[in-house]
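Before any comments, here is the structure.
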Amino acid sequence: MNNKTTGERGLLDLIISLLPGLRLTEKIILLNTFDTTDQLFVQSKRDIEKIINRQLASFWDISEISEKCARIDTVCKMRSVSWVSWNDTDYPPLLREMHDPPSVIYWRGALPNPEKTLLGIVGTRNPSSEAAEQTYKIAGNLSRLGFSVVSGLALGIDSMAHRGNLVGSAPSYAVLGSGIDEIYPSSNRPLAKRILDSGGAIISEYPPGVKPAKWTFPARNRIIAGLTRSVLIAEAPFKSGALITAAFALEQGKDLWVASEGLQADVSLIAKYDKRGTVKLASEGAEIIYSASDILRKWNIDITNVNTERLRSSITDNKELIFSMAEFLDIDI
């Protein structure tokens with residue numbers, strides 16, 4: 001897929017996505033209201049306020065926005081970044097169903113096939129080794145059967161989910177809380193490259209150059225939930241971005257599950273590994289996942305020809321798992 005700025009409609013959509021002071025839902029309203037840039041450019045502040053049915057604190061300089069749009073388009077072309085707007089047929093259909101979808105998404109690689117079922121896996125940046133290993137196994141076994149994982153490329157659980165997903169035949173997908181060219185943390189740049197090499201994608205609602213910020217990560221979590229059929233919280237503390245993802249999953253009508261290792265309560269490790277968020281979700285009705293085969297059953301996928309013992313079994317003899325766990329535990333091997 002190519003950038004859409006080559007046409008009048010694409011230029012209009014990108015400009016609208018960059019307008020400051022508007023809610024996401026209001027940008028969608030404007031996308032549905034105007035067909036050309038000329039129609040938008042002649043609107044006054046009062047005209048826009050009538051369309052969105054509220055007053056704006058300030059108004060934008062449309063020429064300044066147009067110049068910013070041109071710069072973004074140039075950067076996207078230089079760095080092989082594609083983008084698509086909400087009203088384009090290439091826009092992921094599950095995202096369009098969200099209450100507050102991004103008006104434009106940017107990506108490198110290849111967007112998920114809308115016909116494929118995706119699992120979101122998120123969790124703490126400081127997981128126990130047991131939760132990290134279980135995450136890797138679940139993502140890896142799903143990948144061997146052709147199922148992809150969506151996560152956030154953060155340290156901890158997110159990284160283990162991507163790493164596990166890369167051992168099989170399925171591509172992996174990462175949603176950033178920054179621009180495509182601002183991989184955070186920077187230590188995960190090699191992992192981001194592996195995701196692209198797998199046939200997956202790095203995805204963001206933010207244009208190139210946008211730095212990660214405290215508010216961008218909760219916002220990106222709704223996209224992780226939006227792209228997937230189900231969300232698995234592997235392990236999460238009481239206050240966690242993973243719980244924000246869980247809330248978005250429930251709001252969007254997605255399956256919400258917790259991993260069994262996120263519930264194990266070793267009293268001696270409570271101070272180091274806070275699992276209270278995962279425990280809370282389970283107490284509120286989130287079902288518990290022990291293995292990839294549990295997920296297949298919940299998706300009503302016929303597993304009669306699948307070796308479920310293989311899915312449940314340890315894969316500690318896998319070199320990739322050994323190296324991933326060694327890196328996670330900061331051990332030289």
May I ask you to decide whether D294 forms a salt bridge with R297, counting only side-chain N to carboxylate O separations under 4.0 Å?
-> yes
Without swapping roles, check the side chain of K27 against the backbone of L22 for a donor-acceptor pair under 3.5 Å.
-> no
Check the side chains of N126 and T124 for a donor-acceptor pair under 3.5 angstrom, ignoring hydrogens and angles.
-> no
Give the minimum heavy-atom separation between D13 and V104, together with the two atoms involved.
-> O-CG2, 4.0 Å
Would you say the side-chain atoms of K254 pair up with the backbone N or O of G226, donor to acceptor, closer than 3.5 Å?
-> yes
Is H162 close to I195 at the side-chain level, that is, under 4.5 Å between some pair of heavy atoms?
-> yes
Please confirm whether the backbone N or O of P212 pairs with a side-chain atom of T216, one donor and one acceptor, at under 3.5 Å?
-> no
If Ile, Leu, Val, Met, Phe, Trp and Tyr residues are connected whenever their side-chain heavy atoms lie under 4.5 Å apart, and connections chain through other members, are I203 and L14 in the same group?
-> yes
D47 side chain vs S44 backbone, donor-acceptor pair below 3.5 Å = yes
Taking the side chain from R220 and the backbone from G152, do they hold a donor-acceptor pair closer than 3.5 Å?
-> yes
Please report the C-alpha distance between R222 and D100 in whole Å, then the side-chain angles of each, then the deciding distance to 0.1 Å, and finally whether the salt bridge (charged side-chain N to carboxylate O under 4.0 Å, His left out) criterion is met.
-> CA-CA 9 Å; R222 80 190 195 287; D100 52 354; 3.6 Å; yes
Closest approach of D88 and R96, non-hydrogen atoms and distance?
-> O-NH2, 2.7 Å
May I have all residue pairs that pass ring-ring contact (aromatic ring centres under 6.0 Å, His included) and include part of residues 207-237, sequence neighbours excluded?
-> Y184-F217, Y206-W215
Do I51 and L30 have side-chain heavy atoms sitting under 4.5 Å apart?
-> yes
Joint hydrophobic cluster, L95 plus V84, side-chain heavy atoms closer than 4.5 Å = yes
Would you say L155 and L176 are hydrophobically clustered, going by side-chain heavy atoms of ILVMFWY under 4.5 Å?
-> no
Out of curiosity, does V210 fall in the hydrophobic cluster containing I105 (side-chain heavy atoms, cut-off under 4.5 Å, transitive links)?
-> no
Charged N to carboxylate O under 4.0 angstrom, K275 versus E130?
-> no
Please determine if K68 and E64 form a salt bridge, counting it only when a charged side-chain N lies under 4.0 Å from a carboxylate O.
-> no
Heavy-atom donor-acceptor pair, E261 side chain to Q134 backbone, under 3.5 Å = no
Check for a donor-acceptor pair, side chain of S143 on one end and backbone N or O of N165 on the other, with a separation under 3.5 Å.
-> yes
Short question: side chain of T278, backbone of L263 - any donor-acceptor pair under 3.5 Å?
-> no
If you measure only the distance, is there a donor-acceptor pair under 3.5 Å linking the side chains of W299 and S230?
-> yes
Would you say I138 and I301 are hydrophobically clustered, going by side-chain heavy atoms of ILVMFWY under 4.5 Å?
-> yes
Report all side-chain donor-acceptor pairs from residues 108-122 shorter than 3.5 Å, counting only partners two or more places apart or in another chain.
unit_1 : atom_1 : unit_2 : atom_2 : d
N113   : OD1    : E115   : N      : 2.8

